[in-house]
Each structure stands twice: as C-alpha cells, then as structure tokens.
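One structure is given below, encoded as structure tokens.
Quantities reported herein were computed from a predicted structural model and do not represent experimental measurements. Order of the sequence lines fixes the chain letters, A, B, ..., with proteins taken first and strands second; residue numbering starts at 1 for each chain.
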Amino acid sequence: MPKKYETPLLDELEKGPFPSFVTEIKKAAARSDMAADELGQLEKSYRDKRGYWKHGGIVGVRGYGSGIIGRYSSLREQFPNVANFHTVRINSTSAFFYTSQFLKEMCDIWDQYGSGLTNLHGSTGDLVLLGTNTENLEPIFAEFSSRGWDLGGSGSAMRTLSCCVGPARCEWSNINTLDINYNLTQEFQDEMHRPAFPYKFKIKTAGCAVDCIASIARADLSIIGTWKGKIAVDQSEVANYAKKGMNITEEIVNMCPTKCMSYDGSKLTINDADCNRCMHCIAKMTKALKPTGEKGATILMGSKAPFVIGATLSWVIVPFMKLEEPYDELKDLIRKMWEFWDEHGKNRERIGELVIRKGMREFLEFIGVEPVPQQVKEPRRDPFFFWTEADLQK
Amino acid sequence: MSAPQRRTDIGPPHYKDFLPPVIQKNYGDWKYHEVLNAGVMVHVANSGDKIWSVRVASPRLLSTDTIRDMADMAEKYCGGYIRFTTRNNVEFLVSDEKNLTPLQNELKAKKYMMGGIGSRISNIVHTQGWVHCHSACTDASGLVKVLMDEFADYFTTKETPNKVRLAVACCVNMCGAVHCSDIAVVAIHRKVPVVVDHDKVKNMCEVPSTIAACPTGAISPDPAKKSVKVNADKCMYCGNCFTVCPPMEIHDPENDGVAIVVGGKVGNLRSNPKFSKLAVPFIKNNPPRWPEVVTVVKKILDAYLADAKKHERVGEWIERIGWEKFFKVTGLPFTFQHIDDFTIARETFRTAATFKW
C-alpha cells in the first residue's frame with residue numbers, strides 16, 4: 001500500500017463542479033508509490049507556496065536525445081519515490097484522435113512502469129506520461145515503439161507537431177491539416193529525436209484563419225489555410241438565418257472588417273475584391289457561405305512566448321502556398337530556414353529572434369523568397385535603409 | 001518478463017487508423033455543423049451523413065482510471081472513437097444517433113461536465129505548475145480548478161458575447177498561448193535572483209549562456225568568484241537565468257504571485273490576432289483557492305458581459321470602449337507597471353489626443 005498523506009489544502013480543490021486534478025492524483029496515489037509522493041509533495045508546495053522540482057541532467061532512451069524530460073524532487077529524503085520523476089513525451093496522433101484500444105494499452109503500460117498520471121495533452125501537443133524513474137525509461141520506450149508509437153520532441157529539437165481537427169470534422173479547412181502534420185513528422189524524425197538546433201522548433205497547422213490550434217501565437221512555423229476565390233452565397237440559407245433571428249446587418253455586415261458586404265433585407269452581397277478572408281461571416285453563417293476557388297496556406301514564422309525579447313506573433317513569409325502531397329515546396333522552405341538558423345543562430349536563440357536580429361532581408365534572400373507587401377503591416381517609416389552594391393547597379 | 005523489441009524513428013501511427021468510419025468516408029467533405037447545446041454539436045456531410053460530438057471538461061491531468069472509464073464509454077457508444085481538443089476537452093464521437101442520449105445519461109450520472117461548445121467559456125489552457133515544473137511560481141492546475149468552478153455555468157449552459165478564452169501560465173515562460181488569451185493569469189517573480197553558492201555556478205552553469213539568457217543585460221561576469229553578478233536596477237525578474245543556471249535562485253514565496261492580462265486572441269475573425277495586455281500587475285499567491293484572483297477575473301468578465309456587443313471578443317470590446325474606460329468600468333487601478341518600459345515601449349505610448357471621458 002502506498003503511503004497515505006494528509007492533504008487538507010488540496011482537499012479544498014476537490015470541492016466544486018469542475019473535475020478535480022487532485023481527485024485524479026488521489027486515484028493514482030491509491031496504488032502507486034510515485035503518485036502518492038507526488039501528492040504529498042504537492043501538498044507541501046501548497047503549504048509553502050513554492051515548487052520543489054529540479055530540472056536538468058541527461059536522461060533519455062538509447063539513440064535519442066529528446067522525448068524524456070528529467071525531473072527530480074528537491075526533497076528526495078522526504079519523498080523518495082519521486083526522487084527521479086521524469087516526463088515521457090509520446091508523439092500524439094494528428095488532431096488527437098484515438099481509439100479506446102490504444103488508450104487502454106497506454107494505461108496498462110503506464111500503470112506497470114510509471115505513476116499512472118498523464119496530461120492529455122501537454123501544451124505542445126504531446127501525450128504526456130507524468131513521472132517515472134530512470135530505469136523504467138527503456139522498457140516504456142520498448143513497449144510503446146513495439147506497438148507503433150514513438151517519442152515526441154524536447155530540448156533543442158523539432159518538437160511534436162500539432163494541428164487542428166481540419167478536414168476530419170470541419171467544413172472550413174482549406175488544407176489537409178492532419179496529413180501535413182503526419183507527413184512532416186515522418187519526414188523530420190531525425191530532427192525530432194536528435195537535438196541539433198540552436199533551440200526548440202515548433203510547427204503548427206491550422207485549416208483556416210480561425211486558427212483553433214493557435215498556430216499564429218505559438219509556432220516557429222505557422223501554417224494557416226486560406227483560399228483565393230470568391231465566397232459563394234446560398235441566399236435561401238441567408239434567409240433561414242434571418243428567419244431564425246440573426247440580425248444580419250448588425251452581426252455580419254457591420255462586423256465585416258473590410259466593409260465588403262451589404263444586405264438589403266433579402267439578399268446578401270459580397271464585394272469579393274475587398275474581402276480579406278478573416279472568416280467572421282463564414283463562421284457565423286456556415287450554412288450560407290462557402291469559400292471557393294484555389295485553396296492553400298499562408299506560411300508565417302516566429303511566434304513564441306516572452307523569453308527573451310518579448311512575446312511575438314508569427315509574421316508572414318509566404319502569403320500563399322499550394323499544399324499538396326508530398327509537400328516538397330514546404331519541406332524545402334523548412335530546410336532552408338533551418339540552414340539559415342544553423343549558420344547564424346546563437347545557442348537558445350529561436351529562429352524568429354534570429355530573423356529580428358539579422359533582418360528580414362538577409363533571411364528572405366537566404367531562403368529565396370522575394371519581398372512582397374503581404375509580409376508587412378506597412379512599409380518602413382524611417383529613412384534609414386541598407387543598399388547593397390547589387391542594388392546600386394539596378 | 002523481457003521487454004518487447006524496440007524500434008526507433010517510426011513516428012506516430014497514421015491518423016487514418018484512429019478516425020471513425022463516418023469520418024473516413026466524409027473526410028474533407030463536410031457541409032456544415034450546428035451547436036445543439038453547450039455539450040453537443042453535429043457535423044453534417046455533403047453525403048447527408050452525420051457525426052455528433054459530445055464534449056466534456058477535463059482537468060488535463062488525468063489518471064489511468066479516468067482514461068479507462070472514458071475508453072469504456074467510447075467503446076459502448078462510439079465504436080471506440082474518442083478525441084481530445086486543443087483546450088484539453090474530451091470529445092466522444094458518436095456515429096449512431098441512438099447512442100447520443102444514453103451516452104449523455106451515463107456522463108451525467110458519472111458527474112462528467114458536458115459543455116464548452118459555442119460562445120462560452122471553454123476549458124482553460126494551462127501549464128504544469130507546482131505539480132511538475134521547476135520554474136513554476138504558482139500552481140496552474142489549482143487556479144484552473146477555482147476559476148472553472150466559479151464560471152462552471154458559462155461552460156455548461158450560459159452564453160457569452162463571443163468565446164472567452166482563459167489561460168493560466170505558472171511562470172513567464174508561458175507554455176501555451178497565454179500571451180494571446182481573452183483573460184489570462186501569469187505568474188511572476190518580483191525580486192532579483194540571488195546566488196547563494198557561487199561554487200555551484202562555477203560547476204553547473206555556462207557563464208556566457210547565463211548572460212545571454214537575460215533580456216535586459218543585467219547579468220555580467222564576476223571573474224573573482226568565477227561566477228556572475230546581477231545588476232538589480234536592470235533586472236525584471238523574468239527567471240530565465242534560473243532555467244539556464246539553477247543556482248540563480250529566484251523563488252520567493254512571499255513576493256511571487258500572479259498578474260492578470262486581458263484582450264488577446266489568436267483568430268483572425270473581424271480583427272487581427274492580438275496580444276493580451278496587462279490589467280493587474282500583481283496578486284499574492286493565496287492557495288488553495290486564490291479568492292483574490294477569482295474576484296478580479298470575475299470583475300473583468302462581468303464588465304465584458306454587461307457591455308460587449310454580440311460577437312465581440314474581450315479585446316475587441318476594450319478597443320471599442322478604450323483602455324481608459326476599461327479601467328473605469330472594472331475599477332482596476334492603473335499603475336506605473338501598466339506603462340511599458342521593455343522592448344516595444346515606444347509603440348504603446350498614445351500618440352493622439354482622442355479620449356473617451
């Protein structure tokens with residue numbers, strides 16, 4: 001029987017309607033010594049208002065440099081079963097679809113070799129197995145990989161890719177997000193498992209500008225589906241929305257950022273030349289409005305959390321790229337980006353920070369992308385700019 | 001018992017193996033979807049086929065017991081098919097309409113919380129916190145729990161003008177899109193890191209990368225001690241040096257706490273994606289239920305609910321009424337901490353004489 005800890009503070013978090021993470025830890029703690037000590041240490045954190053985990057050290061599975069994150073209790077005397085309490089990242093499926101059979105197998109392996117605690121999913125999108133000791137890592141890897149599952153990324157490597165639900169269950173997707181996600185993951189296995197970059201690299205794929213995967217905010221490479229043609233209007237469905245109480249003038253026409261729509265009480269008209277494809281009208285009137293024509297994606301780069309220079313949103317490098325299997329143009333672009341980063345990046349410098357440091361011109365010239373107005377919100381305002389000898393000859 | 005034969009570089013299994021037959025058949029050929037209630041939506045294909053998704057809340061941190069229970073229900077009602085969302089909700093994928101009510105009944109009986117679809121408060125994206133992270137200066141799971149308890153009705157039934165995306169980050173490293181959320185809690189330090197044992201720096205840290213980790217250039221070499229020193233006037237307490245060099249101790253239970261940021265979004269609908277901006281610079285950590293944080297978030301949410309137009313996100317509402325009005329209607333004090341003095345400060349100063357009084 002695992003040790004039972006008194007947890008008066010954490011018990012307060014079992015009250016209330018929302019499912020409780022404390023209850024989850026307690027379930028695992030009823031049979032796992034590791035989960036029991038996790039619970040005990042967490043109660044102490046709540047009492048002392050501070051964490052007690054240490055990072056660092058090199059742990060992993062043979063042949064890989066990523067996928068396992070070393071974690072150690074700084075109170076190992078008091079909580080010996082979490083002295084080593086490493087995270088195992090399993091590369092999730094595209095758009096997080098699973099079968100009950102896999103989930104049950106995963107649970108069996110994890111109960112045998114780990115704490116019984118998981119995160120479905122980690123922020124990057126891994127299936128996170130939360131806490132095991134060093135000697136269990138190889139058996140866990142063997143159990144998963146023999147069943148067709150691999151580790152995800154960690155450290156200065158390509159991280160586990162993630163994508164929105166896309167064409168699997170959404171009418172708005174302009175690209176095959178699940179396939180792009182899967183295909184790129186398979187293409188860049190070495191870059192994922194053997195860290196060789198200056199720092200982490202994340203790729204996220206969204207089927208449209210609604211961006212349910214938040215790719216524009218948290219990916220070094222953001223792929224966002226878009227289209228070039230007109231929005232087809234089904235006027236009878238427009239009438240149905242009006243009949244059901246939608247105030248089309250207020251909710252659709254007046255909220256259009258480009259003012260490209262008008263409604264005369266029976267007919268909705270779109271001036272497609274002015275539309276900037278923001279998705280508001282389509283998302284609100286999904287039965288009535290459909291994008292048509294050429295489909296593809298906008299390729300952006302550089303978003304990340306605040307370290308070191310402040311948070312960034314991804315910015316456009318290629319406004320429109322057709323994305324069809326085998327995605328060679330995209331893969332070539334990614335490889336060129338990595339080459340630039342490899343050549344110029346400092347240790348722990350994200351690629352976006354590097355491009356800001358070196359300037360977009362040097363980056364775009366290196367990757368072979370021409371300057372286009374879609375890459376900027378507005379042209380520069382100051383009169384300081386570089387001329388190369390080649391520019392002077394033009 | 002010997003372990004099975006390991007394989008490397010195989011990547012995850014093909015996604016097609018995990019899609020319900022109705023999705024395989026109608027892949028990329030969906031016509032529309034309808035939100036039937038907060039917990040159920042139906043997607044209709046051009047073929048006329050339908051799939052129902054029943055969404056339930058999850059604390060993200062799940063025991064194998066709960067996962068097995070979900071898997072059992074997926075087997076019973078969904079042919080074994082289940083998925084998770086970006087915001088850590090669970091979706092049961094129902095292909096046969098007659099399973100819809102029995103599934104919901106079982107979920108209700110087992111006290112699963114159905115909801116989160118449509119213009120509501122969905123699950124809170126969050127980070128690891130004291131549960132498992134070295135750099136956490138609050139507990140993310142605890143904050144999520146107390147906030148979602150408070151706003152449970154907005155998950156299960158009540159509507160908001162548009163989606164309200166909440167997030168919690170347990171330090172400024174912000175694993176997850178906290179910097180672009182409608183309302184987010186981010187934990188911060190307020191005191192300069194202290195090197196207690198310079199020998200540890202000598203043994204554990206790379207001095208150049210420790211110096212490079214500092215966004216404000218506050219760290220410089222200390223050749224006499226073969227260590228580093230911190231210029232307290234420049235330090236903004238980000239804690240990045242601690243991650244690179246663990247002896248740079250920055251945890252301080254008395255002075256650590258959380259800030260509240262508002263008005264961010266990631267979608268392009270109507271207005272461009274936006275960063276969240278500072279609303280409250282500091283609230284003390286008060287576990288286990290952080291009542292002061294809940295009160296402030298509720299105050300911001302209530303002001304938004306009272307005044308926002310339909311389809312306006314929090315950031316769009318604030319842009320319409322103006323920041324001076326935001327601080328007025330929420331009653332939150334405006335302080336020196338609200339005026340940026342980091343890398344993009346100049347861009348945030350008001351360069352117009354247009355105000356709302």
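- Across M70(B), E91(B), R165(B), the residue that shares the most heavy-atom pairs under 4.5 angstrom with chain A is E91(B).
- Both the backbone and the side chain of V61(A) come within less than 4.5 Å of a heavy atom in chain B.
- In this structure, E143(A) does not pair ionically with R6(B), as no charged nitrogen and carboxylate oxygen lie closer than 4.0 Å.
- Taking a cutoff of 4.0 Å between a charged side-chain nitrogen and a carboxylate oxygen, K287(A) and E34(B) qualify as a salt bridge.
- Scanning both residues, I309(A) and T343(B), for their nearest heavy atoms gives O-OG1, 2.7 Å.
- Here R194(A) is the residue among E349(A), R194(A), K26(A) with the most heavy-atom pairs under 4.5 Å with chain B.
- In terms of heavy atoms, P253(B) sits closest to D48(A) at CB-O, 3.4 Å.
- Taking the six-membered ring for Trp, W149(A) and F18(B) have ring centres closer than 6.0 Å.
- Comparing T118(A), N91(A), D211(A), V308(A) by how many heavy-atom pairs each has under 4.5 Å with chain B, the most go to T118(A).
- Between the side chains of S146(A) and Q5(B), no donor-acceptor pair is found at a separation under 3.5 Å.
- Of the listed residues D11(A), V22(A), L130(A), the one with more heavy-atom pairs under 4.5 angstrom with chain B than any other is L130(A).
- For W53(A), the ring-ring contact (aromatic ring centres under 6.0 Å, His included) partners two or more places apart in sequence, or in a different chain, are F85(A), H132(B).
- Top candidate by heavy-atom pairs under 4.5 Å with chain B, chosen from H193(A), M279(A), K304(A), Q186(A), is Q186(A).
- Across A311(A) and H179(B), no two heavy atoms sit closer than the pair CB-CD2, 3.6 Å.
- Residue P257(A) comes nearest to R270(B) through the heavy atom pair CB-O, 2.9 Å, listed as atom of the first residue, atom of the second, then distance.
- In this structure, a donor-acceptor pair under 3.5 Å is present between the side chains of K27(A) and T66(B).
- The distance from the OG atom of S58(B) to the CD atom of E24(A) is 7.5 Å, given to the nearest 0.5 Å.
- Neither the backbone nor the side chain of R277(A) comes within contact range of chain B; no heavy atoms are under 4.5 Å apart.
- Because its NZ or CZ atom is both nearer than 6.0 Å to the ring centre of F97(A) and within 45° of the ring axis, R83(B) counts as a cation-pi partner of that residue.
- At a 4.5 Å heavy-atom cutoff, the contact between E138(A) and chain B is made by side-chain atoms alone.
- Between A57(B) and F18(A), the closest heavy-atom pair is CB-CE1, 3.5 Å.
- For the pair D252(B) and R50(A), the salt-bridge criterion is not met [side-chain N within less than 4.0 Å of a carboxylate O].
- Between R68(B) and D111(A) there is a salt bridge, since a side-chain N of the basic residue sits under 4.0 Å from a carboxylate O of the acidic one.
- With values rounded to the nearest 0.5 angstrom, N88(B) atom CG is found 8.5 Å from L120(A) atom CG.
- Taken to the nearest 0.5 Å, the CG atom of L10(A) stands 8.0 Å off from the CG atom of D139(B).
- Minimum heavy-atom separation, A283(A) to L269(B): CB-CD2, 3.8 Å.
- Checked against a 6.0 Å centroid threshold, the rings of F242(B) and H55(A) count as neighbours.
- In this structure, chain B has heavy atoms under 4.5 Å from both the backbone and the side chain of E12(A).
- Only the side chain of K163(B) comes within contact range of chain A, with at least one heavy atom under 4.5 Å from a heavy atom of that chain.
- Salt bridge status for E251(A) with K310(B): present, with a side-chain N to carboxylate O gap under 4.0 Å.
- S63(B) and R31(A) share no side-chain donor-acceptor pair at under 3.5 Å.
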- Item | From CA spacing to verdict: side chain to side chain donor-acceptor pair (under 3.5 Å), S53(B), R169(A) | CA-CA 10 Å; S53(B) 304; R169(A) 200 204 54 196; 2.8 Å; yes
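- Under the rule for a disulfide (SG to SG under 2.5 Å), the partners of C205(B) that lie at least two apart in sequence or sit in another chain are C245(B).
- Counting heavy atoms from C-beta on, the side chains of C238(B) and F307(A) come closer than 4.5 Å.
- Checking N181(A) against Y15(B) by side-chain atom types alone, no donor-acceptor pair falls below 3.5 Å.
- The candidate from G51(A), C107(A), A28(A), G16(A) with the greatest count of non-hydrogen atom pairs under 4.5 Å with chain B is C107(A).
- Residues K104(A) and T64(B) are not in side-chain contact: their nearest non-hydrogen atoms beyond the backbone lie 4.5 Å or more apart.
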